[in-house]
Amino acid sequence: QVQLVESGGGLVQAGGSLRLSCAASGRTFSMYTMGWFRQAPGKEREFVAAISWSRGSIYYADSVKGRFTISRDNAKNTLYLQMNSLKPEDTAVYYCAARGGVTSTVLNEYDYWGQGTQVTVSS
């Protein structure tokens, strides 16, 4: 099993940057595909980015492509999401997730979830 804890959220002005982290427990973090999802008020949770265990496969939602960068440090059991050029529409609770299969953009294919961290972008 994997336990996930997100951090790094906060309040930032439009155009600013934040870096989210997701600390994972367990010795097999390096074997999991990892993803970031987000949920805005009144909306469904949506895919943001995903990265394979080897970093050889990386996917982004079109809405964040070119602004967000997903990365992972398997030695530190940590997943990151660097968010630049933030927009008010990026405001949401951001969740990291893990799955044992290949890289996926599909929410219900992920097995483990963190509790989320709030990101608020003011205009």
Side-chain angles (χ1 to χ4, degrees):
Q1 289 212 358
V2 178
Q3 293 185 329
L4 305 172
V5 179
E6 302 95 336
S7 62
L11 174 65
V12 63
Q13 289 189 331
S17 299
L18 281 175
R19 188 174 83 154
L20 304 183
S21 299
C22 174
S25 66
R27 296 177 294 174
T28 58
F29 171 79
S30 61
M31 300 298 292
Y32 286 89
T33 286
M34 300 297 298
W36 287 101
F37 293 79
R38 67 186 181 186
Q39 187 166 18
K43 295 187 176 181
E44 293 186 350
R45 195 171 300 189
E46 64 176 8
F47 169 75
V48 175
I51 185 169
S52 63
W53 68 271
S54 66
R55 311 177 192 86
S57 178
I58 294 177
Y59 299 153
Y60 293 101
D62 288 343
S63 58
V64 306
K65 202 170 294 184
R67 300 188 298 121
F68 290 11
T69 302
I70 189 172
S71 62
R72 65 190 295 167
D73 185 335
N74 289 338
K76 295 183 178 180
N77 283 7
T78 304
L79 175 73
Y80 302 101
L81 185 68
Q82 178 66 44
M83 305 186 295
N84 299 329
S85 302
L86 283 160
K87 304 175 181 179
E89 50 263 45
D90 295 318
T91 295
V93 177
Y94 283 71
Y95 299 88
C96 70
R99 71 183 303 263
V102 299
T103 314
S104 172
T105 65
V106 179
L107 184 149
N108 62 14
E109 291 185 351
Y110 283 78
D111 304 305
Y112 304 103
W113 291 84
Q115 85 290 347
T117 186
Q118 177 71 47
V119 171
T120 303
V121 184
S122 63
S123 57

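Residue S104 is tested with N108, V106, L107, V102 for a side-chain contact (heavy atoms from CB on, under 4.5 Å); the sole match is V106.
In terms of heavy-atom proximity, S123 sits nearest to P88 at CB-CG, 3.8 Å. The two residues I51 and S71 have their closest heavy-atom pair at CD1-CA, 3.9 Å. Across every non-hydrogen atom of S21 and T78, the tightest pair is CB-CG2, 4.3 Å. When all heavy atoms of G9 and T117 are compared, the closest pair comes out as N-OG1, 3.2 Å. Considering every non-hydrogen atom in both L4 and A24, the closest pair reads CD2-CB, 3.7 Å. Residues E6 and G116 share a closest heavy-atom pair of OE1-N, 2.9 Å.
More than 12 heavy atoms of other residues, nucleotides or ligands sit less than 6.0 Å from atom NZ of K65. The number of heavy atoms from other shown groups lying within 6.0 Å of CD (Q3) does not exceed 12.
Side chains of Y94 and R38: a donor-acceptor N/O pair is present below 3.5 angstrom, by distance only.
Looking only at side-chain heavy atoms (C-beta outward), R67 and Y60 stay at 4.5 Å or farther from each other. Side chains of F68 and L86 form a contact here, defined as non-hydrogen atoms less than 4.5 Å apart. Side-chain contact check for Y110 versus T33: some heavy-atom pair is nearer than 4.5 Å. For the pair W53 and T103, the minimum side-chain heavy-atom distance is 4.5 Å or more. Taking 4.5 Å as the limit, every side-chain heavy atom of Y32 sits out of range of all side-chain heavy atoms of D111. In this structure, L20 and M83 have side chains that are in contact, with non-hydrogen atoms separated by less than 4.5 Å. By the 4.5 Å heavy-atom criterion applied to side chains, W36 and L79 are counted as neighbours.
Between F47 and Y59, the distance from one ring center to the other does not fall under 6.0 angstrom.
In the hydrophobic clustering of ILVMFWY residues, with side-chain heavy atoms under 4.5 Å counting as a link, V12 and L81 come out together. V48 is not connected to V93 by any chain of hydrophobic side-chain contacts under 4.5 Å among Ile, Leu, Val, Met, Phe, Trp and Tyr, and they are in different clusters.
The CG atom of D73 sits 11.0 Å away from the OG atom of S30 when rounded to the nearest 0.5 Å. Rounding to the nearest 0.5 Å gives a distance of 6.5 Å between CG of N84 and OG1 of T69. Here the straight-line distance linking atom OG of S52 with atom CE of M31 works out to 11.5 Å at 0.5 Å rounding.
The closest donor-acceptor contact from the side chain of R72 to the backbone of F29 lies under 3.5 Å. Between the side chain of Q115 and the backbone N or O of V5, no donor-acceptor pair lies under 3.5 Å. Proximity of a side-chain donor or acceptor of T91 to a complementary backbone N or O of V121 within less than 3.5 Å is detected.
With salt bridges taken as basic N to acidic carboxylate O contacts below 4.0 Å, none links D90 and K87.
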